[in-house]
Amino acid sequence: MIGLAPKEHFQISGNYNFRTCGWYLYCGNGNLYSQNRDEGREYHGSGLKVGQIIEVKYDKENERISFVIDGVDRGVAFDNINTQKLDLYPAFDNMYQTESIQLIQ
């Protein structure tokens with residue numbers, strides 16, 4: 001899972017932040033999950049592959065989050081993001097222990 005979350009509510013050792021804190025794209029199948037009860041909502045249409053580059057875009061003014069995959073903007077994933085004046089930060093959450101991510105500059 002890759003996305004954005006308010007650090008004030010993110011649980012480092014907690015389970016399933018993708019259901020309780022933040023807005024995420026699940027790389028395993030391309031679906032969306034969020035604290036707003038998005039549970040596997042279709043977005044990308046397929047899982048991402050090793051080596052694909054994912055960018056997260058946050059439009060704070062219009063309260064929207066979108067994802068760019070290998071340079072292609074996939075459009076608005078989440079809108080009406082009401083953070084109650086909390087800042088959002090990059091967030092990663094593994095659904096399975098076998099998943100991993102690599103941060104690049």
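None of these values were measured; they are calculated from a predicted model.
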Next item on the list: Kindly determine whether Glu63 and Asn80 satisfy side-chain hydrogen bond (donor to acceptor under 3.5 Å, both in side chains), including the steps that lead there.
Entry: CA-CA 5 Å; Glu63 300 179 328; Asn80 298 316; over 6 Å; no
Note to self: Would you say that Leu32 contacts Tyr26 through its side chain, given a criterion of any heavy-atom pair below 4.5 Å between the two side chains?
What the structure shows: no
Next item on the list: To the nearest 0.5 Å, tell me how far Arg64 CZ sits from Asp79 CG.
Entry: 6.5 Å
Check: From Tyr33 OH over to Tyr24 OH, what is the distance, rounded to the nearest 0.5 angstrom?
Finding: 13.5 Å
Check: Does Asp59 reach the main-chain N or O of Asn62 with its side chain, forming a donor-acceptor pair under 3.5 Å?
Finding: yes
Notebook entry, point to check: Of all heavy-atom pairs between Phe78 and Val76, which one has the smallest distance, and what is that distance?
Noted result: O-CG1, 3.4 Å
Check: Are the side chain of Asp73 and the backbone of Val68 linked by a donor-acceptor contact shorter than 3.5 Å?
Finding: no
Margin query: Quick check for you: to the nearest 0.5 Å, what is the distance between Trp23 atom CH2 and Ser66 atom OG?
Written below: 14.0 Å
Note to self: Give me the atom names and distance for the closest heavy-atom approach of Cys21 to Pro6.
What the structure shows: SG-O, 3.6 Å
Check: Counting distance only, does the side-chain N/O of Arg74 pair as donor-acceptor with the main-chain N or O of Phe67 below 3.5 Å?
Finding: no
Next item on the list: Determine yes or no for a side-chain-to-main-chain donor-acceptor pair under 3.5 angstrom, with Gln35 supplying the side chain and Gly22 the backbone.
Entry: yes
Check: Is the shortest heavy-atom distance from the side chain of Tyr58 to the side chain of Leu4 under 4.5 Å?
Finding: yes
Check: Just how far is it from atom CD1 of Ile2 to atom SG of Cys27, taken to the nearest 0.5 Å?
Finding: 6.0 Å
Checklist line | Atom pair NZ/CD1 of Lys60 and Ile65 - distance to nearest 0.5 Å | finding: 12.0 Å
Notebook entry, point to check: Between Ile69 and Gln52, is a side chain to side chain contact (heavy atoms under 4.5 Å, CB included) present by the stated rule, with each step listed?
Noted result: CA-CA 7 Å; Ile69 301 171; Gln52 286 190 288; 3.8 Å; yes
Item checked: From Leu25 atom CG to Ile54 atom CD1, the distance as rounded to the nearest 0.5 Å -> 5.5 Å
Note to self: Using only atom types and a distance under 3.5 Å, with no angle test, would you say the side chain of Arg41 pairs donor to acceptor with the backbone of Ala77?
What the structure shows: yes
